[in-house]
Amino acid sequence: MSDSLNDFVDQLQEQIYEETREDFGEIAYQRWRNPLYMEIMNDPDGHAKVRGDCGDSIEIFLKFENDRVKKATFQTDGCGSSLVCGSFAAEMAGGKNPDELFEITGQTILEKLGGLPEENEHCAFLAAESLHQALNDYMIKQTKK
Ligand code: FES
């Protein structure tokens, strides 16, 4: 690429970053740039993939030890805010027992990440629903043991 094209691409990238930071706030922006806990887990104890009305899906993977989440990860094929919400859902799940996991809701995810534009709030509820479905999967497996 020529230098001027490189400069143009760099400027465009910076502009996208700046607009995202303004729209989503600093906490969500930083997580979007560095989506922690994004990993497909092999052999999870609890797993769910839930597709929202928007057509995107969020997957949650849970590994338990002594009835507490030892490790939680997520994957998504969705928008930037689904990435942020899946990441925070996984983070918030760490160390929790089943009762505490049910207390993680779309609202608590939104509070944790400092809120999202109204049109993106549903991504947090999708992440919470995936987390609860993954917990259901774990609990069903427990009863079959
Ligand atoms: Fe579909 Fe965010 S999860 S728009």
Side-chain angles (χ1 to χ4, degrees), residues 1 5-65 67-144:
M1 262 195 290
L5 186 57
N6 273 334
D7 288 349
F8 173 73
V9 170
D10 286 350
Q11 276 175 16
L12 201 59
Q13 187 71 66
E14 268 315 307
Q15 193 181 331
I16 290 168
Y17 287 161
E18 239 358 272
E19 285 172 8
T20 306
R21 191 197 296 262
E22 275 171 29
D23 290 347
F24 287 80
E26 187 64 25
I27 296 172
Y29 169 76
Q30 292 298 341
R31 188 56 65 95
W32 174 65
R33 294 292 309 275
N34 182 24
L36 304 173
Y37 313 105
M38 188 165 70
E39 176 189 327
I40 292 172
M41 189 189 291
N42 292 322
D43 197 27
D45 298 321
H47 167 249
K49 179 176 185 174
V50 180
R51 191 168 297 283
D53 292 341
C54 59
D56 301 330
S57 67
I58 298 179
E59 269 179 278
I60 297 280
F61 305 84
L62 299 173
K63 197 84 189 161
F64 283 81
E65 191 173 83
D67 218 30
R68 287 195 176 268
V69 175
K70 185 180 172 200
K71 185 176 179 184
T73 64
F74 82 100
Q75 187 58 262
T76 183
D77 58 10
C79 61
S81 48
S82 70
L83 193 82
V84 172
C85 293
S87 178
F88 272 104
E91 178 176 299
M92 291 165 76
K96 301 271 193 321
N97 67 27
D99 285 346
E100 293 164 343
L101 287 172
F102 273 121
E103 289 169 12
I104 299 171
T105 64
Q107 198 55 44
T108 60
I109 292 171
L110 286 170
E111 283 163 15
K112 178 89 176 169
L113 59 84
L116 286 175
E118 202 179 328
E119 65 270 23
N120 297 97
E121 287 181 347
H122 70 275
C123 312
F125 289 86
L126 182 61
E129 193 184 338
S130 300
L131 176 60
H132 294 166
Q133 294 288 335
L135 175 58
N136 275 336
D137 181 46
Y138 166 70
M139 290 171 86
I140 289 167
K141 285 176 182 161
Q142 290 305 101
T143 59
K144 287 180 181 165

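Remember, it's 1-based here, ligands and their atoms both numbered in the order they're listed.
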Handout entry: Gap separating the CZ atom of Phe74 from the CG atom of Leu62, nearest 0.5 angstrom
Key = 13.5 Å

Problem - Pair Asp77 + Arg51, salt bridge at N-O below 4.0 Å - result: yes

Practice task
Look at Arg68 together with Glu100 and state whether they make a salt bridge at an N to O cut-off of under 4.0 Å.
Solution key: yes

Fill in the blank from the handout: Among the N/O/S atoms of Asp56, atom 1 (Fe) of ligand 1 lies closest to OD2

Problem - Cys54 N/O/S atom closer than 2.8 Å to atom 1 (Fe) of ligand 1 - result: yes

Problem - No-hydrogen, no-angle side-chain donor-acceptor test under 3.5 Å, Gln11 and Gln15 - result: no

Problem - Tyr29 versus Arg33, side-chain donor and acceptor atoms under 3.5 Å - result: yes

Fill in the blank from the handout: Cys79 heavy atoms within 4.0 Å reach ligand 1 at atoms 2 (Fe), 3 (S), 4 (S)

Exercise for the section: Report, in ascending order of atom number, the atoms of ligand 1 lying under 4.0 Å from any heavy atom of His122. Expected result: 1 (Fe), 2 (Fe), 4 (S)

Problem - N, O or S from Cys123 under 2.8 Å to atom 2 (Fe) of ligand 1 - result: yes

